[in-house]
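Notes follow once the structure below has been shown.
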Amino acid sequence: MASISFRNVTKIYDGADKPVVPNLNLEIADKEFIILVGPSGCGKSTTLRMIAGLESISSGELYIGDRLVNQVPPKDRDIAMVFQNYALYPHMSVYKNIAFGLTLRNVPKDEIDKRVHEAAKILDLEYLLDRKPKALSGGQRQRVALGRAMVRNPSVFLLDEPLSNLDAKLRTSMRSEIARLHRRLDTTFVYVTHDQTEAMTMGDRIVVMKDGIIQQYDTPKVLYDTPCNLFVAGFIGSPQMNFLNVTIEARDGKLFAKLNEDLLEIPAFKHEALKPYVGKEVILGLRPEDFLPIEQATATNAFSAKVDFYELLGAETNLYMFVGDKKVIVKTPSYVERPKEENIRMPAEMERAHFFDKETEQAIVH
């Protein structure tokens with residue numbers, strides 16, 4: 001049993017004015033792959049290090065399985081941690097690096113040899129066992145670090161931004177390797193990253209953190225489709241969601257979002273939630289992919305925009321434009337013909353529009 005439970009856990013450093021993690025309550029189920037994501041300084045790595053026992057808990061209780069581990073030293077927590085910088089011993093071979101933890105625990109040599117070769121086979125490291133870390137690529141070094149954690153057969157894997165030192169191509173391949181490894185080992189993974197693409201593609205559930213506080217904790221799809229507030233909406237998705245100030249207006253039994261001089265008709269299923277906001281300013285959120293082809297612009301679904309520049313990404317093109325003084329990004333297939341005019345009418349897919357309270361920044365309706 002390798003569930004993890006934070007119960008009113010607070011972490012405050014000596015001399016600090018406020019906690020880096022205040023009153024954290026979080027339940028991670030056995031065998032889940034959980035992602036802790038958020039901007040630098042949000043408390044995600046501190047949370048991971050508290051699980052590992054590398055940071056003490058100021059108050060509250062932390063359970064791994066049914067055991068309270070507040071005072072349990074790291075070596076007795078049945079966890080294994082993979083660090084951002086790999087932490088390999090440069091003078092040791094790949095074999096000895098992987099075997100090091102088992103050697104310290106006086107595991108019999110034949111058992112060590114069996115586990116090392118099993119891990120090396122899974123991670124495609126068998127032909128590298130005699131090499132030193134300096135002779136390995138970044139991706140190979142990361143696999144060695146994973147192998148060193150695997151051979152201990154831990155109940156919990158902790159991974160602290162393990163891919164941040166790799167180039168884009170390697171990060172993509174290592175993401176799938178780590179996800180495949182989780183399925184094969186069938187144990188609990190807790191993974192820290194500031195890269196929301198990693199979070200969206202790897203985790204069973206994602207914990208979005210800001211200032212040590214959980215903003216939303218759910219599946220990638222729920223976070224993407226129904227973000228609970230402005231912060232989550234802007235953090236999840238790449239490029240991030242566009243935010244525009246609009247005023248809700250009622251005309252002839254219909255509701256509209258007034259954007260500068262344009263009126264965008266709001267679908268009927270969003271009316272009930274938005275009726276209290278008639279005459280008030282709210283924030284309209286549109287993801288870059290939530291737009292229609294320019295030729296589908298009508299009097300009630302489009303707004304005036306000024307084209308700034310294009311960003312060709314192969315299969316897709318990002319169209320950058322200004323709506324007043326606000327920059328808006330629209331994602332289109334690259335085969336779609338680019339607008340020839342600088343000033344255009346850009347149609348929005350209002351069924352997919354998000355609305356947020358301007359004062360509380362909480363979601364009103366999706």
May I ask you to test the Ile4-Leu62 pair for a side-chain heavy-atom distance under 4.5 Å?
yes
Arg352 side chain to Leu286 main-chain N or O, any donor-acceptor pair under 3.5 Å?
no
Taking side chain as C-beta onward, heavy atoms only, is Glu342 less than 4.5 Å from Lys306?
yes
Test log, rule side-chain contact (heavy atoms from CB on, under 4.5 Å), inputs Phe291 and Asn242
CA-CA 11 Å; Phe291 292 87; Asn242 301 294; 3.8 Å; yes
When rounded to the nearest 0.5 Å, the distance separating CE of Met174 from CE of Met202 is 8.5 Å
Working to the nearest 0.5 Å, report the span between CD of Glu265 and NZ of Lys254.
4.5 Å
Is there any ring-ring contact (aromatic ring centres under 6.0 Å, His included) pair reaching into residues 100-143, and which pairs are they, with sequence neighbours excluded?
Tyr89-Phe100, Tyr95-His117
Any donor-acceptor pair under 3.5 Å linking the side chain of Asn301 with the backbone of Ala297?
no
Atom pair OG1/CD1 of Thr193 and Ile206 - distance to nearest 0.5 Å:
10.0 Å
Report yes if some heavy atom in the side chain of Gln216 is under 4.5 Å from a heavy atom in the side chain of Ile236; otherwise report no.
no
Decide yes or no for Phe355 and Leu284: does some side-chain heavy atom of the first lie under 4.5 Å from some side-chain heavy atom of the second?
yes
Compute whether any side-chain donor of one residue and acceptor of the other, for Glu55 and Tyr13, lie under 3.5 angstrom apart.
yes
Any donor-acceptor N/O pair, Asn260 side chain to Asp262 backbone, under 3.5 Å
no
Sequence neighbours excluded, the answer for side-chain contact (heavy atoms from CB on, under 4.5 Å) partners of Pro90 is none
Look only at the side chain of Lys11 and the backbone of Ser56, and say whether a donor-acceptor pair between them is shorter than 3.5 Å.
yes
Closest heavy-atom pair and its distance - His194, Phe235:
O-CZ, 3.7 Å
Under the 3.5 angstrom rule, does the side chain of His271 hit a backbone N or O of Ile266 as a donor-acceptor pair?
yes
Using side-chain heavy atoms (C-beta onward) and a distance below 4.5 Å, is Arg345 in contact with Ser304?
yes
State yes or no: do Ile122 and Leu128 share one hydrophobic cluster built from I, L, V, M, F, W and Y residues joined by side-chain heavy-atom distances below 4.5 Å, directly or via other members?
yes
For His366 and Asp225, what are the C-alpha separation, side-chain angles and deciding distance, and is it a side-chain contact (heavy atoms from CB on, under 4.5 Å)?
CA-CA 8 Å; His366 303 288; Asp225 290 340; over 6 Å; no
Are Leu185 and Val116 connected in a single hydrophobic cluster, I mean Ile/Leu/Val/Met/Phe/Trp/Tyr linked by side-chain heavy atoms less than 4.5 Å apart?
yes
Let me confirm one number: the CD-CG distance from Gln142 to Leu88, rounded to the nearest 0.5 Å.
8.5 Å
Kindly indicate, with the supporting measurements, whether the criterion side-chain contact (heavy atoms from CB on, under 4.5 Å) is fulfilled by Arg143 and Leu181.
CA-CA 11 Å; Arg143 294 207 301 274; Leu181 184 62; over 6 Å; no
Would you say Leu259 and Leu292 are hydrophobically clustered, going by side-chain heavy atoms of ILVMFWY under 4.5 Å?
no
Gly43 and Val21 have their tightest heavy-atom pair at O-CG2, 3.9 Å
Got a sec: does the CZ of Phe309 have more than 12 other heavy atoms crowding it under 6.0 Å?
yes
Verify the neighbour count for atom CG of Asp130: are there more than 12 heavy atoms of other residues, nucleotides or ligands below 6.0 Å?
no
Within the side chain of Gln140, is there an N or O that forms a donor-acceptor pair under 3.5 Å with the backbone of Ser137?
yes
Derivation of the side-chain contact (heavy atoms from CB on, under 4.5 Å) call for Arg175 and Leu163:
CA-CA 8 Å; Arg175 284 202 303 263; Leu163 308 184; 3.8 Å; yes
Is there a side-chain contact between Phe303 and Leu264, using heavy atoms and a 4.5 Å cut-off?
yes
With clusters defined by side-chain heavy atoms of hydrophobic residues (ILVMFWY) lying less than 4.5 Å apart, directly or transitively, does Leu230 cluster with Ile329?
no
Using atom types as modelled and distance alone, determine if a side-chain donor or acceptor of Asp195 lies under 3.5 Å from a backbone N or O of Thr197.
yes
Within a reach of under 6.0 Å around CD of Gln71, are more than 12 heavy atoms found that belong to other residues, nucleotides or ligands?
no
Run Asp204 and Lys31 through salt bridge (charged side-chain N to carboxylate O under 4.0 Å, His left out) and show every step you take.
CA-CA 10 Å; Asp204 296 325; Lys31 300 179 182 178; over 6 Å; no
State the CD-CZ distance between Glu351 and Phe269, to the nearest 0.5 angstrom.
6.5 Å
Backbone N or O of Asp30 within a donor-acceptor pair of the Ser3 side chain at under 3.5 Å?
no
Under 4.5 Å between any side-chain heavy atoms of Tyr320 and Glu311, yes or no?
yes
Minimum heavy-atom distance Glu32-Tyr217, with the two atoms named
OE1-OH, 3.9 Å
More than 12 non-hydrogen atoms from neighbouring residues, nucleotides or ligands closer than 6.0 Å to CD on Glu341, yes or no?
no
Can you classify the ring geometry of Phe33 versus Tyr191 as parallel (below 30°), tilted (30 to 60°) or perpendicular (above 60°)?
tilted
Arg148 backbone acceptor or donor facing Arg152 side chain under 3.5 Å:
no
Within the 4.5 Å heavy-atom criterion, are Met92 and Pro133 side-chain neighbours or not?
no
Among Leu159, Leu48, Ile51, Val156, find the one that has a side chain to side chain contact (heavy atoms under 4.5 Å, CB included) with Met81.
Leu48
For Asp160 and Ser45 the tightest heavy-atom approach is OD1-OG, 3.1 Å
Rounded to the nearest 0.5 angstrom, the CE-CG distance for Met150 and Leu123 is 5.0 Å
Near Lys96 NZ, under 6.0 Å, is it more than 12 heavy atoms from other residues, nucleotides or ligands?
no
Kindly work out whether a path of hydrophobic side-chain contacts (I/L/V/M/F/W/Y, heavy atoms less than 4.5 Å apart) joins Ile213 to Val207.
no
Under 3.5 Å: donor-acceptor pair, side chain of Lys270, backbone of Ala353
yes
Atom CZ of residue position Arg105 - does it have more than 12 heavy atoms of other residues, nucleotides or ligands inside 6.0 Å?
yes
Between Pro154 and Ala149 the two heavy atoms that sit nearest each other are CD-O, 3.4 Å
Shortest non-hydrogen contact from Gly60 toward Asn70:
O-ND2, 2.8 Å
